[in-house]
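Chain letters run A, B, ... following the sequence lines, proteins first and then strands; every chain starts at 1. On a predicted model such as this, the values are computed, not experimentally measured, just so you know.
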Amino acid sequence: MTIIMNWTMKITTSPGNSIISGIGFGSFDRGNRVYNKKVMELFTNPKNVGEMENPDGVGRVGNPKCGDMMELYIRVKDGIITEIKFKTFGCAAAIATSSMVTEMAKGKNLEEAGCITKQQVADELEGLPPLKMHCSNLAADALKLAIEDYRSKQAGEPQADTSEEV
Amino acid sequence: MEKRVYLDHGATTMVDPLVVEEMLPFFTQRYGNPSSLHEFGTEAKNALDKARERVMRLINAGLEKELVFTSGGTEADNIAIQGAAFGNMSKGKHIITSVIEHPAVKNTCKHLEKNGFEVTWLPVDQHGLIDMYELAEAIREDTTLISLMFANNEIGTVQDIFAIGALARERGVLFHTDAVQAVGKVEIDVNKLNIDLLSLSAHKMHGPKGIGALYVRKDTKLKPIIFGGGHEWGLRSSTENVPGIVGLGKAADLCRMEMPEETPRLVGLRDRLIRGVLGSGMDEVYLNGHPEKRLPNNAHFRFSYIEGEGLLLLLDAKGIAASTGSACSSTSLEPSAVLTAIGLRHDLAHGSLRCTLGRFTTQDEIDHVIKELPPIVQKLRDMSPVGKGREWFGADDDENDHDHHHELDDEDNNLARE
């Protein structure tokens, strides 16, 4: 392999060989080297964590290989998301985006909530590391699946498959 | 300031103040070039010789000119592997290594593989040990080099170096070992162990960064990979990093003198940490790596149902620095190849935590970690959609029926090779 160096070069490393060491000491109120303050805040104190009894819709995304798995539960009344909870296995970004999407969706009607995009979630968090944009920003997908699940139950159809391989 | 506990000595260590003290004059007073004939040069040359002797004593190397200073462990690995591969092509182009090597060895072997060499990648068992029979069978007429790490940088497993060295010697194959994590912590005698090439690094043993060395047994055929003014017997051209080399020499000397007391002390603290964490009442906590054949300073845990990056960050918030093999905190998105090579399912490989102790680690610090860890693990588990009796079905189903301790399968093998 010949390496041609230029400033825009994307550095790629071979997968699966790194052991990454401490992300840096310090309190979270100034963020750290990888995540900004807002992401760290939501990661350490996430909102709406937990399960829901008899939810109206459930969305499930993720895969153990890339290390992010998420479940999101919604309660719907008159077309409005009145209650929303999540459980997430994953890095700080996965947990922070989960928390953020639940906050964004709560109180919205299904149309509006279904339109929340990954980019909007990242923007509300004031940015995510580029690598985390794809792998750990699953919460908007989980929300969409939960809404679909709710709708298919409402339509009286057999329950849709609420999981999706990402 | 809040109490800070550094348990990441596998990544790097604090430079011992005694090392710094010895290095300092070589920046501003004795700054000569060892190649110069005047007094400045002679001072530097003498310092070089003294450091070389000190490092050689640490690994019981006997003769002069058996140690080449390098910029670190990675360069030492490159000079050893590429040098031996290219230097012995008349005999053959086959190399044997393992799937759990440090990237410095793994990627060097992959580079050779792309350039006409054949590489056998030995798998490891659930503890991270290679199988001696498999090694013996892998050796062929055209095998020129066996490169196997002394101790693994992640899970801390120490290979049976004596057996490997004896086999390599008997079959007339060169034996290189990346001993970066082991030097200064376990007793190493390159003669008794029949090691032909050994890589070491200063900053893993309380010396400075940017300096390491390669032990090269006399009469070992190596082809240089760096060309220049012919320093270090032509194997590593470049004006010597004298302050660094002095630091490495002092660090090696301190390790050698302190080892009889320091190694048992580290083992004691390590076992206290292991007992404390495994016995803390948390469910589903395991020790990765070999229960006995492990580095004196390495405790590598695995917590089911949680992800390592979160663990690392929450520990960091408590002032505790450790590391993880989880994909989420690395630049790649795959979990550590070492953890998948020992047969861990991907979700389990993600929940790993490496604690590596050092010379300045105290019992108080270990007790602090034992106390702080369980609530953090619980917090993450409370957030997790997976748990005992709650497996993740659907995506990645093929992973679900893997036993935790299965042998390396094809998929993992490929992963480790990528």
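The greatest number of non-hydrogen atom pairs below 4.5 Å with chain A, out of B:P385, B:S384, B:G10, is found for B:P385. By number of non-hydrogen pairs under 4.5 angstrom with chain B, the leading residue of A:I95, A:T88, A:V49 is A:T88.
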Open item on the list: For A:E71 and B:R390: C-alpha separation, side-chain torsions, deciding distance, then whether side-chain contact (heavy atoms from CB on, under 4.5 Å) applies.
Closed with: CA-CA 12 Å; A:E71 272 182 13; B:R390 264 195 95 181; 3.0 Å; yes
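In terms of heavy atoms, A:K87 sits closest to B:D382 at CE-O, 3.1 Å. Listed here is the closest heavy atom pair of A:F89 and B:Y305: CD1-O, 3.2 Å.
Between the B:E309 side chain and the A:A92 main chain, a donor and an acceptor come within less than 3.5 Å of each other.
By the 4.5 Å heavy-atom criterion applied to side chains, B:H346 and A:N63 are not counted as neighbours.
Neither the backbone nor the side chain of A:P129 comes within contact range of chain B, judged by heavy atoms closer than 4.5 Å.
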